[in-house]
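Notes follow once the structure below has been shown.
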2 protein chains.
Amino acid sequence: MQFTINRPDFVRRLNDVQRAISSKTTIPILTGIKLVLTDNGLTLTGSNADISIESFIPVTDEEAELSVVSTGAIVLQARFFSEIVKRLPEKTLSFEVKDNFQTELCSGAAAFTIKGQDANNYPRLPEIETDDQLMLDVPVLRQLIAQTVIAVSTQESRPILTGVHLVLAGGELLAVATDSHRLAQRKINLDINPNIRYDVIIPGKSLVELSRTLGEDFDQVEMRVADNQVLFLAGNTAFYSRLLEGNYPETSRLIPTTSSTKAEFNAPSLLAAIERASLLSHESHNNVVKLALTPEDGNVMISSNSPDVGNVEEALNTESVSGEALEISFNPDYMKDALRSFGQTQIRIAFTSALRPFTLVPTEDDDQFIQLITPVRTF
Amino acid sequence: MQFTINRPDFVRRLNDVQRAISSKTTIPILTGIKLVLTDNGLTLTGSNADISIESFIPVTDEEAELSVVSTGAIVLQARFFSEIVKRLPEKTLSFEVKDNFQTELCSGAAAFTIKGQDANNYPRLPEIETDDQLMLDVPVLRQLIAQTVIAVSTQESRPILTGVHLVLAGGELLAVATDSHRLAQRKINLDINPNIRYDVIIPGKSLVELSRTLGEDFDQVEMRVADNQVLFLAGNTAFYSRLLEGNYPETSRLIPTTSSTKAEFNAPSLLAAIERASLLSHESHNNVVKLALTPEDGNVMISSNSPDVGNVEEALNTESVSGEALEISFNPDYMKDALRSFGQTQIRIAFTSALRPFTLVPTEDDDQFIQLITPVRTF
């Protein structure tokens with residue numbers, strides 16, 4: 001195995017694949033990066049057993065300037081290999097595997113020889129062939145991930161809740177996540193064959209990594225689902241994640257359909273007020289913020305109180321407030337996550353009672369996106 | 001105690017003083033920031049017992065827009081207070097101490113009440129009056145700190161070596177630091193009364209904080225020394241540090257005056273090569289890099305070898321190399337620190353033998369600045 005390549009461009013490809021590689025893995029060979037060179041190009045693979053990222057550099061890629069001398073495959077310790085490639089002095093990297101997996105990396109006057117491992121010992125990625133692939137706009141998918149992944153559980157006591165439930169039916173993609181204290185649900189209408197059906201649970205961590213991997217570089221991504229794996233294909237990058245197995249709880253009945261008090265806010269200004277109030281609630285032991293709505297006077301007050309530390313109160317700017325008077329307490333960190341997911345928009349919060357979950361929706365397109373938060377009983 | 005102030009400007013002053021405050025202090029009141037308001041202005045004080053920073057905001061400061069309603073003093077928990085001031089919504093902050101040290105912070109519609117402490121319980125800073133103050137150019141002082149502080153010891157086994165030894169005599173300021181494996185020495189000629197004499201040891205950590213505090217904001221700083229404290233005054237900021245007590249070892253005899261092999265390098269290119277070689281030495285257990293100089297052929301080779309990991313070698317670009325052939329091994333991390341302290345300059349390295357310390361000096365002004373490194377025996 002021997003090739004030369006444009007070193008700065010190769011560093012970027014290594015960075016992409018390294019996202020999947022963890023130094024904490026219990027499978028030693030997965031601390032390595034696999035390089036497979038054919039006459040068509042070079043494939044880099046990184047994996048942490050949950051997710052795998054594969055990046056293909058074709059010989060036709062002008063920026064990569066890949067020149068194949070002889071084909072082959074090797075696994076190299078990922079962090080160490082990347083550090084060396086980054087630090088080498090010149091534009092061109094020469095790469096050659098010699099006897100006993102000894103790999104020589106040369107650039108300018110610097111020559112490294114490092115130990116590699118047999119690529120045959122590296123786990124194989126599944127082949128996912130399907131006719132039911134789905135094309136998604138990357139900005140839409142990244143928004144969907146950002147809006148739902150905040151509500152996945154970080155506790156391993158109910159593993160199924162660490163994932164986002166994705167259901168495709170009748171041309172509508174529904175994404176739901178809940179940690180049983182809060183819930184996030186986003187719908188997207190797709191212009192596709194309405195007979196394609198999916199029902200999968202993707203680990204939240206995988207989706208966060210997928211979102212970072214897609215970044216701003218791609219317009220569209222193709223999604224393919226197999227028995228226990230999902231594959232996202234964008235350009236020459238393939239992102240694999242395992243799926244969570246089991247039945248996701250039925251969530252639609254959790255979302256209230258009626259309300260007794262409603263208020264409209266500018267999401268960023270409400271977020272700023274919640275952030276202020278949470279400074280105080282974070283210093284106290286119960287981390288609770290109170291909202292007092294008095295529709296009669298058009299007043300909404302936010303407050304938090306901790307006998308040891310102090311108290312805070314602030315009159316909020318509302319676009320409108322209607323219905324019955326209400327005092328309700330909640331964890332401000334859930335509210336912050338929810339408000340950030342709306343961006344620079346107007347939102348409507350609908351309450352039923354001080355002990356029932358309340359919902360946040362955008363004032364426009366209010367059936368596409370909903371955040372639900374369970375209040376905290378303080379009496 | 002009551003005042004109003006320009007909040008964004010006040011945030012900057014708080015940040016300056018907070019450098020001195022550590023949450024890890026064993027003296028509870030030092031987690032607080034002291035505010036003292038007189039008719040002349042507001043003084044903020046932060047301290048971690050080793051260093052103290054005082055910032056004065058005069059009523060005449062137009063950016064601060066300080067308006068005094070009534071004078072007084074209070075101590076507030078520093079981190080919490082700063083977070084609140086940063087998060088408040090409007091340009092103006094109203095500050096009022098009420099009964100029982102309860103302090104009200106208002107801005108726009110937000111009102112915080114937080115618990116304060118009696119300012120009489122806050123330790124007093126020493127008053128340092130002297131006729132022998134020293135004016136120093138801030139860029140020169142910061143360079144002197146950066147060039148010497150790298151060599152202070154981080155081990156508390158010999159506390160005196162955790163400081164930089166500053167000696168002023170005959171109008172020359174000499175700064176020396178050593179951790180017994182390496183040494184850094186810098187001289188500055190000052191245009192002052194040659195009869196002023198200082199001999200102090202300032203903790204390295206204090207000098208690093210001083211350098212950050214001075215930043216790019218000040219041109220000149222005044223230095224005053226008392227029995228066990230040093231004070232640096234710049235604008236309305238006062239920086240106090242305790243001094244280390246004891247006798248600093250005699251270091252001048254450690255610096256060799258002759259050499260048998262010399263080589264000149266461009267500091268940044270040598271640094272890049274050392275950084276590459278150290279990637280490999282860091283993976284092995286002894287962390288050693290070898291330099292082989294062959295003046296006859298004009299060759300300098302750097303190499304590192306670890307049987308478990310691999311090896312690296314690189315032919316270095318030298319400006320000149322003369323004297324006897326030599327192989328010498330050293331800790332590349334000491335070399336990296338030393339080379340960084342030279343910036344973008346040409347340097348000369350002078351060796352006596354494989355087991356004797358070698359020196360690095362700039363090729364110009366070679367009597368003003370010297371770095372010394374002890375080699376590692378590898379046979």
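Chain letters run A, B, ... following the sequence lines, proteins first, then strands; residues in each count from 1.
- A pairwise comparison of heavy atoms in A:Phe80 and B:Val309 identifies CE2-CG1, 3.1 Å as the closest pair.
- Contact annotation for B:Leu280: both backbone and side-chain heavy atoms come within less than 4.5 Å of a heavy atom of chain A.
- Most heavy-atom pairs under 4.5 Å with chain A, from the set B:Asp308, B:Leu88, B:Asn311: that is B:Asn311.
- Neither the backbone nor the side chain of B:Ile302 comes within less than 4.5 Å of any heavy atom in chain A.
- Interface summary for chain B: among A:Ser304, A:Ser269, A:Ala109, A:Cys106, the most heavy-atom pairs under 4.5 angstrom belong to A:Ala109.
- Counting non-hydrogen atoms of other residues, nucleotides and ligands closer than 6.0 Å to NZ of B:Lys262 gives a total of 12 or fewer.
- Summarising the local packing, CG of A:Asn317 is surrounded by 12 or fewer heavy atoms from other residues, nucleotides or ligands at distances under 6.0 Å.
- Most heavy-atom pairs under 4.5 Å with chain B, from the set A:Leu105, A:Thr103, A:Leu279: that is A:Leu279.
- For a residue to count as touching a neighbouring chain, one of its non-hydrogen atoms must lie under 4.5 Å from one of that chain's; by this rule B:Ala111 touches chain A with backbone and side chain alike.
- Note that the CD atom of A:Glu314 and the CZ atom of B:Phe112 stand 7.5 Å from one another [nearest 0.5 Å].
- Other residues, nucleotides and ligands contribute more than 12 heavy atoms inside 6.0 Å of the CG atom of B:Asp297.
- When side chains are defined from C-beta on, B:Ile84 does not count as touching A:Arg276, because their heavy atoms never get closer than 4.5 Å.
- Using a 4.0 Å cut-off between charged side-chain N and carboxylate O, B:Glu283 and A:Arg79 make a salt bridge.
- Remark: B:Ser306 OG to A:Lys115 NZ distance equals 8.5 Å, nearest 0.5 Å.
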